Protein chains: 2
Amino acid sequence: MDKGELFQQFVRFTTSVHQVTNDMTKEIRIENITTVQYKILEFITVSQPVTLSEVSECLHLSLPNSSRELKKLIQNQLCEKIIVPNDRRKFDIRLTEKGTALMNKVFQQLELKFQERIDNLKEPELKEIQEAIKILQTKLFT
Amino acid sequence: MDKGELFQQFVRFTTSVHQVTNDMTKEIRIENITTVQYKILEFITVSQPVTLSEVSECLHLSLPNSSRELKKLIQNQLCEKIIVPNDRRKFDIRLTEKGTALMNKVFQQLELKFQERIDNLKEPELKEIQEAIKILQTKLFT
DNA sequence: CTCTTTAGTTATCATTTGATAACTAAAGGG
DNA sequence: CCCTTTAGTTATCAAATGATAACTAAAGAG
């Protein structure tokens with residue numbers, strides 16, 4: 001296989017993914033939440049419980065800046081620190097009930113847009129898509 | 001098919017794609033180029049020629065802000081305006097030679113990282129990946 | 001017990017990004 | 001020919017983000 005060509009396809013593909021997800025999330029504006037704060041919330045949602053260092057590393061934010069943004073999220077009562085017994089320097093971060101409710105609402109909106117997007121597809125195509133996602137998820141985006 | 005489950009997979013998948021591409025592009029820092037400016041360059045690269053309105057719309061930037069950032073890119077001689085004959089309000093934007101050279105270098109770096117990533121995969125898996133990309137590209141991320 | 005490393009905090013400053021108002025100039029419709 | 005719309009510009013201000021220094025406090029190594 002021509003690996004150069006595969007790379008070209010990869011670039012076009014990831015660009016499309018970015019554009020589509022951007023369009024889907026674009027209108028989702030939450031009060032008092034900035035873009036970075038939303039990304040942190042999203043990360044917590046899919047990975048909780050997480051430590052601050054993990055937030056920092058995965059989102060490419062410095063620890064001081066992560067700390068600052070987390071503080072604001074906690075002030076908004078969207079997430080909370082949970083003390084972990086073995087190491088008193090660290091703490092786990094989790095969504096609060098309010099945060100969970102908020103993110104559920106966001107994901108419901110997203111799901112609606114997703115359903116629209118696949119509305120015209122029939123069962124066999126959906127199967128194909130599911131398979132394709134599984135392959136890429138395990139072999140390329142790990 | 002359970003469309004709710006498919007949505008869950010979709011979310012996990014797009015999250016992975018974002019993380020991987022983020023990691024791949026993270027270290028790429030170009031002198032005098034901010035994140036937004038890089039995104040504009042990237043967009044021009046894959047879609048040129050483009051108009052300023054297209055930049056604005058696709059990257060979700062206001063026209064004034066797009067104009068400002070484009071100006072800086074032009075000052076850095078990375079792209080240029082090209083007058084289009086039929087409509088003197090518009091212009092096309094293209095990479096200059098310098099801009100093209102720069103983006104080629106960037107894409108070469110990216111390709112290296114991509115090759116590393118698929119290095120352990122054999123021919124049949126590469127075929128699978130290529131097929132999977134094609135399916136998602138045409139049916140889901142259009 | 002000391003020294004080093006890890007995890008996070010607080011404060012501060014510069015830069016980037018976002019938003020808006022007021023503008024020019026060409027295109028297009030009637 | 002006038003009026004409206006489209007495409008882009010310039011200026012300005014506020015907010016978000018990035019970077020860094022100086023700090024605390026616990027963990028771990030020897």
Side-chain angles (χ1 to χ4, degrees), chain A residues 18 22-23 25-44 47-76 78-94, chain B residues 18 22-23 25-44 47-76 78-94:
Chain A
H18 280 108
N22 246 333
D23 286 344
T25 49
K26 181 186 157 45
E27 294 144 42
I28 297 173
R29 280 266 148 233
I30 312 168
E31 267 195 307
N32 304 320
I33 297 289
T34 69
T35 310
V36 170
Q37 283 163 27
Y38 174 73
K39 279 192 191 156
I40 293 176
L41 278 182
E42 206 178 47
F43 177 66
I44 298 172
S47 314
Q48 62 185 333
V50 296
T51 65
L52 190 62
S53 298
E54 285 167 348
V55 170
S56 166
E57 198 193 313
C58 293
L59 302 183
H60 307 309
L61 298 169
S62 71
L63 209 43
N65 291 336
S66 303
S67 176
R68 176 185 61 199
E69 299 308 320
L70 178 64
K71 203 171 162 186
K72 292 175 196 161
L73 290 172
I74 290 172
Q75 272 165 10
N76 274 325
L78 295 171
C79 46
E80 58 192 350
K81 294 181 182 180
I82 292 175
I83 294 155
V84 350
N86 4 2
D87 190 333
R88 281 192 295 171
R89 288 168 306 179
K90 295 187 200 174
F91 50 82
D92 280 349
I93 306 167
R94 278 177 186 284
Chain B
H18 279 108
N22 246 333
D23 286 344
T25 49
K26 181 187 157 43
E27 294 144 40
I28 298 174
R29 279 266 148 234
I30 312 170
E31 266 195 308
N32 304 318
I33 297 290
T34 70
T35 310
V36 171
Q37 283 163 26
Y38 175 74
K39 279 190 192 158
I40 294 176
L41 278 183
E42 205 177 49
F43 177 65
I44 299 172
S47 314
Q48 64 185 334
V50 297
T51 66
L52 190 63
S53 300
E54 286 167 347
V55 171
S56 167
E57 199 193 314
C58 293
L59 301 183
H60 307 310
L61 298 169
S62 70
L63 208 43
N65 291 336
S66 304
S67 177
R68 175 184 61 199
E69 299 308 321
L70 178 64
K71 203 171 162 186
K72 292 176 196 160
L73 289 172
I74 290 173
Q75 271 165 10
N76 275 325
L78 296 171
C79 46
E80 58 192 350
K81 296 181 182 178
I82 292 176
I83 294 155
V84 352
N86 3 2
D87 190 334
R88 282 193 294 170
R89 288 169 305 180
K90 293 188 202 174
F91 50 83
D92 280 350
I93 305 166
R94 278 178 186 284

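Note that the structure is predicted; figures quoted are calculated from it, not measured. Letters A, B, ... mirror the listed sequences (proteins, then strands); counts begin at 1.
Between the CG atom in A:Asp23 and the NE2 atom in A:His18 there is a gap of 12.5 Å [rounded to 0.5 Å]. Note that NE2 of B:His60 is 14.5 Å distant from CG of B:Asn65, once rounded to the nearest 0.5 Å. Taken to the nearest 0.5 Å, the CG atom of A:Asp92 stands 12.0 Å off from the SG atom of A:Cys79.
B:Glu69 places its CD atom 15 Å from the P atom of C:dT15, with the value rounded to the nearest Å. The distance from atom CD1 of B:Ile74 to atom P of D:dT10 is 10 Å, rounded to the nearest whole Å. Nucleotide D:dT6 holds its P atom 12 Å from the NZ atom of B:Lys90, rounded to whole Å. Atom CG in A:Leu63 sits roughly 16 Å away from atom C1' in D:dT17 (whole-Å rounding). In this structure, A:Leu52 atom CG and D:dA26 atom C1' are separated by 16 Å, rounded to whole Å. Spacing between atom CD1 of A:Ile93 and atom C1' of C:dG8 amounts to 10 Å, rounded to whole angstrom units.
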Practice problem: Using the side chain to side chain contact (heavy atoms under 4.5 Å, CB included) rule, take B:Leu61 and B:Ile40 through it: C-alpha gap first, then chi angles, then the decisive distance, then the call. | Solution: CA-CA 10 Å; B:Leu61 298 169; B:Ile40 294 176; 4.1 Å; yes
Quiz prompt | side chain to side chain contact (heavy atoms under 4.5 Å, CB included) between B:Ser66 and B:Leu59, worked out | solution = CA-CA 9 Å; B:Ser66 304; B:Leu59 301 183; over 6 Å; no
Self-check item: A:Leu73/A:Ile33 under side chain to side chain contact (heavy atoms under 4.5 Å, CB included): CA gap, chis, key distance, verdict
Solution: CA-CA 8 Å; A:Leu73 290 172; A:Ile33 297 289; 3.8 Å; yes
Quiz prompt | Contact state string [nucleotides 24-30 of chain C, B base, S sugar-phosphate only, - no protein heavy atom under 4.0 Å] | solution = --BS---
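Not counting sequence neighbours, the partners of A:Arg89 by the salt bridge (Lys or Arg N to Asp or Glu O under 4.0 Å) test are A:Asp87. Under the side-chain contact (heavy atoms from CB on, under 4.5 Å) criterion, B:Gln48 pairs with B:Ile44, B:Arg94, B:Leu95, not counting sequence neighbours.
Look at B:Lys81 and you'll find a side-chain N or O under 4.0 angstrom from OP1 or OP2 of D:dT9.
What you find for B:Leu52 and B:Phe91 is that their closest heavy atoms are CB-CZ, 4.2 Å. Summarising the geometry of A:Lys90 relative to A:Thr51, their closest heavy-atom pair is CD-CG2, 4.4 Å, with the distance given to 0.1 Å. Between A:Leu70 and A:Lys81, the shortest heavy-atom contact is CD2-CE, 4.3 Å. Here the shortest heavy-atom pairing between B:Ser62 and B:Ser56 reads C-OG, 3.8 Å.
Contacts with DNA chain D (heavy atom under 4.0 Å) in residues 31-40 of chain A: A:Thr34, A:Thr35, A:Val36, listed by number. Within a heavy-atom distance below 4.0 Å of DNA chain C, the residues of residues 54-61 of chain B found are B:Leu61.
B:Lys39 has no carboxylate O lying under 4.0 Å from a charged side-chain N of B:Glu42, or vice versa, which leaves the two without a salt bridge.
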Can you give me the N/O atom pairs linking the protein to nucleotides 11-13 of chain C at distances under 3.5 Å, or say none if there are none?
none

